[in-house]
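Throughout, residue positions are numbered sequentially from 1 according to the sequence presented.
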Amino acid sequence: MNTDSILVEAIQKAAYQAFSKLFSEHREQFYYCSLITTGEGLCPVVSAWSKEALERTAQQWDDVEKAKYYLKWSYAETPYFAFGEEFFAEVGELFRQRMHGLSGDDEIFGEIELRINSMERAMHNLDASGLFGAGKERLGMVINAEFMPPDYTNTERARRLNPEEALTEWLEEAAEE
């Protein structure tokens, strides 16, 4: 997997700050934590869901159970979408700088692939550090680095980043083929 160490370091630092702030300010049972980017490879943002946030958000709908099903893995409808965005300023600047001078689809697509791979590596490193829990606690959480709109590569990254046991529900309910 082709990554860039400067990007990995910057993304990892920003994601660590954002997720750490999220976990300390919201002492909830998080089950989904991801870095989200677009198909154009824009600066990533955090998206996360906790059981409590899902319950609160679903209560605003007429059919609470149906809402839970549709909201459970929605990156954009969580109250924690773009949480800690302020920590990603350096990453955004790196992304902007790297785009200058690129020409042609091959170079641009190569850069976007490098960015998502660097996001995945950062999430892997944060997971290895224990940020997302250990043991049984970790098995209750899905982490990822994702494109939105989603594509099949999100599933490939989820499989690399998570123990199989942690992915059971996500694979059934949200994975792209």
Practice problem: Check the pair Asn125, Gln12 against side chain to side chain donor-acceptor pair (under 3.5 Å), reporting the backbone distance first and the verdict last. | Solution: CA-CA 8 Å; Asn125 293 347; Gln12 186 172 321; 2.8 Å; yes
Quiz item: Between atom CD of Glu107 and atom CE of Met99, what is the distance when rounded to the nearest 0.5 Å?
Solution: 10.5 Å
Quiz item: Roughly how far, to the nearest 0.5 Å, is CZ of Phe88 from CD of Glu93?
Solution: 15.5 Å
Exercise. Determine yes or no for a side-chain-to-main-chain donor-acceptor pair under 3.5 angstrom, with Trp49 supplying the side chain and Tyr31 the backbone.
Key: no
Self-check item: Under 3.5 Å donor-acceptor, Thr3 side chain and Ser118 backbone
Solution: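 Not a single qualifying donor-acceptor pair exists.
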Quiz prompt | Shared hydrophobic cluster, Tyr80 / Met123 (ILVMFWY, side-chain heavy atoms < 4.5 Å) | solution = yes
Quiz item: Among the clusters formed by ILVMFWY side chains lying less than 4.5 Å apart, do Phe95 and Leu114 turn up in the same one?
Solution: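 Linked, Phe95 and Leu114 end up in one cluster.
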Quiz item: Between Glu176 and Thr155, is a side chain to side chain donor-acceptor pair (under 3.5 Å) present by the stated rule, with each step listed?
Solution: CA-CA 6 Å; Glu176 296 293 320; Thr155 302; over 6 Å; no
Cationic N near anionic O, under 4.0 Å, [X] to [Y]:
X      : Y      : result
Arg115 : Glu40  : no
Glu86  : Lys21  : yes
Asp4   : Arg98  : yes
Glu156 : Arg159 : no
Glu55  : Lys51  : no

Quiz item: Is atom CD of Glu165 surrounded by more than 12 heavy atoms (other residues, nucleotides or ligands) closer than 6.0 Å?
Solution: no
Quiz item: If you count the non-hydrogen atoms of other residues, nucleotides and ligands that lie under 6.0 Å from OH in Tyr16, is the total more than 12?
Solution: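 Result for OH/Tyr16: open.
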Quiz item: Any chance the side chains of Ser50 and Gln29 put a donor and an acceptor closer than 3.5 Å?
Solution: no
Quiz item: If we only count heavy atoms from C-beta on, is the Val142 to Trp73 side-chain gap below 4.5 Å?
Solution: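 Sidechains of Trp73 and Val142: in contact.
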Quiz item: So do Cys33 and Phe19 actually touch side chain to side chain, heavy atoms under 4.5 Å?
Solution: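 They are in contact (side-chain heavy atoms under 4.5 Å apart), so the answer is yes.
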Practice problem: Quick one: closest heavy-atom pair of Asn162 and Arg138, and the distance? | Solution: OD1-NH2, 2.9 Å
Quiz item: Arg157 and Ile116: side-chain contact (heavy atoms from CB on, under 4.5 Å), yes or no, with the steps?
Solution: CA-CA 9 Å; Arg157 282 185 296 282; Ile116 194 76; 3.5 Å; yes
Practice problem: Identify, with sequence neighbours excluded, every residue that meets side chain to side chain donor-acceptor pair (under 3.5 Å) alongside Glu137. | Solution: none
